[in-house]
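Step one of this worksheet: look at the structure below.
Values below: every heavy atom of this structure, side chains too, minus hydrogens, waters and symmetry copies.
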Amino acid sequence: MLEKRYDPKKVESGKYQTWKDKGYFTAGDTSKQPFSLVIPPPNVTGKLHLGHVMDTIPDDIIVRYKKMMGYDVLWVPGMDHAGIATQAKVEEKLRKQGISRYDLGRERFLKVAWDWKREYGDTIHEQWAKIGLSVDYTRERFTLDEGLSEAVRKVFVTLYEEGLIYQGEKIINWDPELRTALSNVEVIHTDDEGEFFYFLYDVVDSDETLVVATTRPETMFGDTAVFVHPEDPRYKHLIGKYVINPANGEKLPLMGDAYVDPSFGTGAMKCTPAHDPNDFALAKKYGFPFIKVLDETAKMNELAGEFCGMDRYECRDALVEKIKAEGHLQKIERFTHSVGHSERSGAVVEPMLSKQWFVRMRPLADRVLAQQNSEDKVEFLPARFEKVLIRWMNEVDDWCISRQLWWGHRIPAYYNDKGEVYVGMEAPKGEGWRQDEDVLDTWFSSALWPFATLGWPHKTPDFDRYFPTSVLNTGYDIIFFWVARMVFQSEHFTDKRPFKTVVIHGLIRDEQGRKMSKSLGNGIDPIDVIEKYGVDALRYFITTNSAPGLDMRYSDEKLNAASNYLNKIWNATRYVLQTLGEGYVPEEVDEKALDPLDRYILSRLEGTIQAVSERMDEYNFLGASGVLYDFVYDDFCSFYLEMSKVSLSDPGKEKATKATLYKVIREIILMIYPYCPFIGEELYLSLPGHKESVMLETYPKYVASLHSPKDEKNGQLLKEIITAIRGYKSSKGLAPNASIRMAFEGAFPFEGIQTYLSRFLFASEVKENAKLHGEAFVFDGANLTIEQDVDKATIVEGLLAEKERLLSEIARGEKMLSNPGFLAKAPADKVALEQEKLAGNKAKLETVLKNLEELA
RNA sequence: GGAUGCUUAGCUCAGCGGGAGAGCAUCGCCCUUACAAGGCGGGGGUCGUAGGUUCGAAACCUACAGCAUCCACCA
């Protein structure tokens, strides 16, 4: 027998291991239709956070649901080596021991990194188990494993041979702390407060001075020119002259180019080709040299003269002081501008000229754009997120893929002393070749995840059967990083989209709506939440508290509500089990033997199954859960469970009602199970006639013959009567169990109404087809009076209020039905519905008027 | 500068073309043998503003305002 209160800890214990041991997570039943997905691989940087829970729980619900729907579901698990992120963590750990990666050297550093991976990989496995992910461990992968590495090399080599990967010198984003190049998407722009320095440049052979403003004075050592707009009347006459760079006294040509915006700053702009992408483009146009003044740690080089060796900011301050002392500083303004920071280290990114490997994106992006115009496009849910992909593909720059890191896939390019480059799957034969020191951007391998995890580039049975995958679930924040790249790599290398559907979810924020971040210290550990409310409540909360694609706030209140809901289902099950009794043998519902209330609840159940399944098929977990919730609370627990106590005490009806109770509670459990598998399993196993596990069950099937609006109307009427009388008692200050006498006129749709009224409304006497002195209630086809010590005036008052209400209802209906436009254009069933309502209200009004008359 | 989303009950949010909903909070009554971390009942909203489309708008369109996010630019 179940305990009185649902205890998540007891319920969760041991189940996952059993499922895993029994092999329920393993795919491969080829008699069924395949359905597949890959896990968004968590980084092996640390523990799971709530973001991972949001990434994986919807998947788990899909997997469990689709299994019940009869599919052979494969969910591929795995983890991401997360190059730069993990390396930063490992380096941080070493730094605390006073060691740098350079002290260790590459080999030993990698050993430490692999130890780190194993440690955190174990933690992640424990957490997957804790949150109940039904992933197929026999197919688990890691982005640095041999298979993925081979796929990475294959892709690199092929793209190189196709001319889609090239090595080039360009301005890239340099992280001076981690000492590596970054791609554009790894740079976070924030509006930072800075200073705008106005310097005086003497014009050679002239008395004039030119004012040039800059935010980065330290780069002035790398300047090669000053630009103004060619038509700028302030400066037009000076074009062609030279000005003196106040940083180092060198002569710089003053040039005119329409790129310059005369309204910005002073309209004169210094050009630093090696440290700014726009200046780089100008320099290329005019053939200027590219002069680097910063080293890989953002310290000044020898070109900075006396400032050589200084950090860039140190140099900035010192240089400004020097220029000021020499009288060439006009002013300093406060200035807010967008500054790029490294996503991982937070360091201010330095644009720098550097030789790196790039992916030529245009042809790959065009292919995706074409694909998204075809039948085989990747479908986004919600649809608007497709625009994010399209926009990125339209505007994409070449992708810088080389990283000056050690943790990752080493670039399969080899060099020799003759300056030759060899790119291939294996190292070239012969002496004197050395491999490129750099590794690839971690997203390079993530981009291959959906097909490489299934065996590509080899033609494996899994790849044939499960690719393309069915669905991918991920946050909108990594559409660029991951989704976009999976799409173009997949289409280029497999000629297929990687997944048919992408379900995009929002981000989880803290209770005040702020992003969870380390610096704010407002992150919430899922393990703490589980400790407090249980996994099932967490799973339910995370999938049912925001509309698709919108952000969600963490809320203890909502977790508690979820937990209470589960307790409700728990206790409803407990009650049904008590009612069925020991040794109950489940029976099919005998449709002919059903009581009207049984028919009511069964019809509501079928409507619920239909609506829930529809929403589950659309991956609309909020919608599906809402429908189920209303059914569980309002129809089943609050109403039917109570009312059925009447028929249970009737030997003639007991059997059918028991069968109904069993069917309804069982199907509720099966529907809540994908969301909350632990309590789902526990409750399922408590039912008579259960299989070995709920994981072997099929989803409730909609039975049309039980779905009847007419039956629902009957139950609805009883519900309304009971609610109205309870409200009446409450408003009169009567205790809920105060005894009353009542009478009704008219035909009630089912027998035994008296029993219900006396049992649930404490009617001491119920007269049929009679009338009492008292307050009257008018229902569809039934007129009910309660005898109480209520004075006539109060009764009249009540009836007058009801009359007013009905009159306004009737006015509304008549207005609608007398509108020719409505009659002509509204759907027929809507018109019929309104007519029916109007007729009903008119009948009610008649009764009210009659009652009033009798009282007059 | 471009794009997207949000604005609904005190709070947090659903609903997105046919009579305003949930959770929490609030008020009242109940320890009724499934559940007191509960049950039952009640109060509370001119659905951001202004136009428009429609027989009918919280929902669709346009403009505006506020908030948030993304992209681009920023000498």
For this session: Once you apply the 3.5 Å cut-off to both distances, tell me the Watson-Crick or G-U wobble partner of B/U12, or none.
Result: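 Pairing partner: B/A22.
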Problem set entry | For B/G48, the Watson-Crick or wobble partner whose two distances fall under 3.5 Å |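 Result: B/C64.
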Report which part of the nucleic acid [X] touches: base, sugar-phosphate, or nothing (heavy-atom distance under 4.0 Å, all strands).
X: A/G727; value: sugar-phosphate
X: A/T579; value: nothing
X: A/T266; value: nothing
X: A/T573; value: nothing
X: A/L823; value: nothing
X: A/F197; value: nothing
X: A/F196; value: sugar-phosphate
X: A/Q512; value: nothing
X: A/A572; value: base
X: A/D261; value: base

Could you check, using the six-membered ring where one of them is a Trp, whether [X] and [Y] have ring centers closer than 6.0 angstrom?
X: A/F280; Y: A/F288; answer: no
X: A/F335; Y: A/F196; answer: yes
X: A/F631; Y: A/Y629; answer: no
X: A/F777; Y: A/Y728; answer: yes

For this session: Quickly work out the A/L550 CG to B/A14 C1' distance and round it to whole Å.
Result: 10 Å
Problem set entry | Gap between atoms CG and C1', on A/L566 and B/A37 respectively (whole Å) |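 My rounded result for the distance is 13 Å.
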Report yes if a side-chain nitrogen or oxygen of [X] is closer than 4.0 Å to either non-bridging phosphate oxygen (OP1 or OP2) of [N]; otherwise report no.
X: A/K830; N: B/G18; answer: no
X: A/S555; N: B/C13; answer: no
X: A/N545; N: B/U12; answer: no

If you only use heavy atoms from C-beta on, which nucleotide in [options] is closest to the side chain of [X]?
X: A/K515; options: B/C70, B/G28, B/C40; value: B/C70
X: A/Y476; options: B/U69, B/C71, B/G5; value: B/U69
X: A/F480; options: B/A14, B/C71, B/G39; value: B/C71
X: A/N564; options: B/G38, B/C70, B/G18; value: B/G38
X: A/N567; options: B/G23, B/C29, B/C35; value: B/C35

For this session: Over all heavy atoms of both residues, which pair between A/D398 and A/M361 is shortest? Give the atoms and the distance, please.
Result: OD1-N, 3.0 Å
Using the [atom1] atoms only, state how far [M] lies from [N], rounded to an integer number of Å.
N: B/A37; M: B/U26; atom1: P; value: 15 Å
N: B/G44; M: B/U8; atom1: C1'; value: 14 Å
N: B/U49; M: B/A65; atom1: C1'; value: 7 Å

For this session: State whether A/E618 and A/R615 are salt-bridged, where the test is any N-O pair (Lys NZ or Arg NE/NH1/NH2 against Asp/Glu carboxylate O) under 4.0 Å.
Result: no
